[in-house]
Amino acid sequence: MKKYVDVIVPLPIASQYTYSLPSELEESVQEGCRVVVSFGRKKFYTAIVTRVHYTAPEGYETKDIEEVLDSSPVLLPKQFEFWKWLSTYYLCTLGDVYKAALPSGMKLESETVVVYNEEFEATHPLGDSEQRLLDLLSADKEQYVTQLQRSMGLKNILPVVKRLLDKEAIFVKEDIKRQYKPRTEARVRLANPNLDETGMMKLFDSMGRAKKQLTVLMKYVELSGWAGRGGHLKEVTKKELLEKAGATTTIFNGLVDKGVFEVYYQEIGRLQKSGITTSASHALNPAQQEAFTSILDNFRQKNVCLLHGVTSSGKTEIYIHLIEEALKAGKQVLYLLPEIALTTQITERLKRVFGSRLGVYHSKFPDAERVEIWQKQLGEEEYDVILGVRSSIFLPFKRLGLVIVDEEHENTYKQQDPAPRYHARSSAIMLASMYGAKVLLGTATPSVETYFNATNGKYGLVELKERYKDIQLPHIERVDIKELAHQKRMQGPFSPMLVKEIHDALDRKEQVILFQNRRGFAPMIECHTCGWVPKCKNCDVSLTYHKGLNVLTCHYCGCTYQVPRSCPACSGIELQHRGFGTERIEDDIKLIFPEAKVARMDLDTTRTRSAYEKIIADFEQGKTDILIGTQMVSKGLDFQNVSVVGILNADTMLNYPDFRSYERAFQLMAQVAGRAGRKNKQGLVILQTKSPDLPVIQQVIRNDYEQLYFDQLAERQLFRYPPYYRLIYVYLKHRKPDVLDLASETMAQHLRTGLGDRVLGPDKPPIARIQTLYIKKMIVKVEQTISMAKVRDYLLAVQRAIVEDERFRSLIVYYDVDPQ
Ligand code: ADP
Ligand code: ZN
Ligand code: ZN
């Protein structure tokens, strides 16, 4: 009987596809393995097998799969369950989930661009087609797989590409240039291992006038500790030897040819750093101990528990103790952090205790490294603790027992674009329940949804109200900048009080953090005469001005534009800057404090992980006096010498048109405030605002989370928002505005037939056109008591009818479930 496989392809198509198995591959395929399939016109993709069976599909002729890539599954059955849940709950395809889950190196396709690795040295002979591919790639170092395929005249080269990737002869091209770390290292030893002193002297003499070679040999003797050896030599890498001896490869090769040295290769496995010594975790103080015990108690009845602890109360210490507890029980732990909070600080704290049992999974790591972690988790020597960002929920786990979601309120846990638009906190809770694992949510400023669940008994709740060693919370001083602006007493974005406090702090050799919210506050250009603002041609957004490059850029599509000399609307030449971006603030602060060392931390200055870490390290070590930054400065950082924090403009957060804007503003302000005065004394926060009388400002000053929560809850109920209602945003996109209008009206009508006034819209979203596509948005608000499964089915049925309608050809429909 003919065998078939169902596979997931990395394409946004609705269902799984069935392929037939050629008889020679029948035995080698298992569920969870990757296979190469052709799809569409001559395109090849890596697909994942979800089922092997004997039933031919109805309605289409199956094609044979081309090749099997794995001898054992790379996707475990539990992971596949999880993928199915994600695609159902977040209304996206399994292909979307697959694309988000696997690192690029594991999902090659014809459109993949591969890059030649200059540093590759083969340790074993390569196969014919491997060598040919490599030769082609060395001539032109970056190529599409399709392009290589054509040049080689082969039908499908993905398996060859995979083998070369495994050997790290090539890489998958990624957006950010990453540092390559070799996996094997060339090391040097004497060709004659039994050489004695006399032999060595003879060698020296034999060098004669080859001075350079002599230097290299002497350097080797020194580095290896040859002279004082007691049968034991230190290993010497070729790289180090050449560097220290100031020699070239040619000189070195001369010595190899003479039979003095030989080169050998050592696996260094970039993941485990050898020789990590671990030390015991800190003992908990009484308040922490009580919280710890209480969390364990809660876990006896509940699967999820919230640890609500003020900043610097030692939540991280408690997590460490919980991890130890889980490890003792033979379980694995997943420790989630928001992208921007994953710093060396936290990595080092955990490394110190868990050593080589800890693996770190970060989207800014090289793809090859992510592939290696994935493979390691499938093997016998998997990490027991994974510290990672959002996407680490996709890693294979075999015995997950605990998930920690640190800074659980962070909205960066939600993936915005592309699909799956999943929330890592909610998804982690689902993942944990599939493994029977517990979840700890930790934060100083819980999300309203989580606090709601924790206070109504769905989750456990543990509070930690004192800071470690009773360091006081900062004093918050509010400054009315509207009034000051009126009196013309502002110096750019700084109030006199802030300027004075910065001054005093610098005098005392203390550090300052200035916080400027990024959202809705990008620097722009505006015509002074008529108010014209430059906008992107493809997207409906105003352009951001970059002073450094002197260009205008669109943050949605990345297009850049020249700064116009005059206003195209009125020909006026007075184009002025509006808004204070962090860059502008940096300029202004340097004018007022020319002596101070200033650094800026925002999206532009932290494109790479090393750039980000350098800014933090410099600030930690006191090389920087003033750190200016966006929300990035507020996250999970523990600085010792910051006495003043300035919040430059609270209103940009408060005025943002979103039902969560107050909640978020509170969280942000409380978090940045928490950076002040951590170890030695009470810190000072200067909170500048145009609306000093707003209740939320008072709540920040009193650190009164409960009051904020009750105010928010009342509003959410009144206006039908979470946690009382679930939200689903429905987006429609089309190139033609009139088609879009008709399609969205039609879809809204259909939706209302079944869902009534739960459907709002269609409306133009704030950004109504992105990359030449027009956008309409509908909102569906569903009360908690109604079955979401039914609502989802209904949405999908309506969508099918609309998409199949001839008039709406090439209409794009997608959803954002639980939008943030
Ligand atoms: P949080 O995560 O609540 O912000 P941290 O765990 O970062 O707090 O603790 C703040 C600081 O206090 C850290 O430098 C941490 O090392 C220290 N600390 C907290 N608890 C302890 C403890 N039990 N023993 C030693 N140091 C502690
Ligand atoms: Zn104008
Ligand atoms: Zn654009």
Side-chain angles (χ1 to χ4, degrees), residues 278-296 305-325 333 335-338 340-354 358 385 387 402-410 440-447 450-451 454 461-474 511 513 616-617 619-622 631-643 645 666-683 685 703 705:
T278 58
S279 51
S281 52
H282 297 293
L284 298 177
N285 71 14
Q288 292 168 343
Q289 182 62 43
E290 198 186 315
F292 172 73
T293 324
S294 169
I295 292 167
L296 292 180
C305 181
L306 168 66
L307 172 60
H308 179 206
V310 291
T311 49
S312 221
S313 54
K315 293 186 289 298
T316 315
E317 297 298 330
I318 295 177
Y319 304 153
I320 290 173
H321 283 251
L322 288 168
I323 297 172
E324 286 180 325
E325 216 45 42
V333 179
Y335 185 141
L336 286 175
L337 269 171
I340 49 178
L342 187 46
T343 62
T344 31
Q345 280 192 349
I346 184 73
T347 311
E348 270 160 22
R349 273 172 84 176
L350 294 186
K351 265 258 142 73
R352 224 174 292 140
V353 182
F354 301 109
L358 174 78
V385 186
L387 172 66
L402 173 69
V403 181
I404 291 166
V405 185
D406 195 10
E407 313 285 2
E408 70 79 29
H409 63 278
E410 262 298 319
L440 183 76
L441 309 175
T443 174
T445 52
S447 63
T450 295
Y451 205 66
L461 174 61
V462 173
E463 312 243 14
L464 192 54
K465 298 210 157 151
E466 57 187 69
R467 289 183 133 189
Y468 179 65
K469 293 225 165 116
D470 266 339
I471 299 162
Q472 284 171 290
L473 281 165
Q511 291 171 300
I513 290 179
I616 292 173
F619 195 61
E620 259 180 339
Q621 293 158 19
Q631 14 276 72
M632 281 183 196
V633 297
S634 71
K635 305 303 173 221
L637 297 169
D638 186 11
F639 300 120
Q640 308 301 325
N641 193 33
V642 176
S643 64
V645 166
F666 180 92
Q667 286 161 348
L668 271 172
M669 287 191 267
Q671 297 280 346
V672 263
R675 302 308 116 200
R678 291 188 53 129
K679 272 272 160 69
N680 30 25
K681 60 169 208 178
Q682 190 181 27
V685 178
N703 194 32
Y705 175 79

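First listed ligand is number 1; within each ligand, the first listed atom is number 1. Counting begins at 1 with the first residue of the sequence. Every heavy atom of this structure was used, including side-chain atoms; hydrogens, water molecules and symmetry mates were not.
Residue Lys315 has at least one heavy-atom neighbour below 4.0 Å for each of these atoms of ligand 1: 1 (P), 2 (O), 3 (O), 4 (O), 6 (O), 8 (O). Residue His282 approaches ligand 1 through these ligand atoms, each under 4.0 Å from one of its heavy atoms: 22 (C), 24 (N), 25 (C). Close approach to Thr316 involves these atoms of ligand 1, each under 4.0 Å from a residue heavy atom: 2 (O), 5 (P), 6 (O), 7 (O). Each of the following atoms of ligand 1 lies closer than 4.0 Å to a heavy atom of Ala283: 22 (C), 23 (N), 24 (N).
Test Glu408, His308, His409 against Thr443 for side-chain hydrogen bond (donor to acceptor under 3.5 Å, both in side chains) and you get one pass: His409.
Considering backbone and side-chain N/O of Thr311, none are found under 3.5 Å from N/O of ligand 1. Taking any N or O of Gly314, backbone or side chain, at least one lies under 3.5 Å from an N or O belonging to ligand 1. Between Arg349 and ligand 1, a contact under 3.5 Å exists for at least one N or O pair.
Side-chain contact between Arg349 and Glu317: present, with at least one pair of heavy atoms (C-beta onward) separated by less than 4.5 Å. Side-chain contact between His282 and Gln288 is absent, with no heavy atoms from C-beta onward closer than 4.5 Å. With contacts defined as side-chain heavy-atom distances shorter than 4.5 Å, the pair Thr311/Thr445 does not qualify. Using a 4.5 Å cut-off on side-chain heavy atoms (C-beta onward), Pro446 and Leu306 make contact.
Ligand 1 lies nowhere less than 4.0 angstrom from a heavy atom belonging to Gly309.
Here the CD1 atom belonging to Ile323 is positioned 4.0 Å from the CD1 atom belonging to Ile404, to the nearest 0.5 angstrom.
The option with the heavy atom closest to atom 4 (O) of ligand 1, from among Ser281, Pro286, Gly442, Ser312, is Ser312. Relative to atom 19 (C) of ligand 1, the option among Phe639, Tyr468, Tyr319 with the closest non-hydrogen atom is Tyr468.
Within the structure, salt bridge (charged side-chain N to carboxylate O under 4.0 Å, His left out) contacts touching residues 282-291 (residues at least two apart or in different chains) do not occur.
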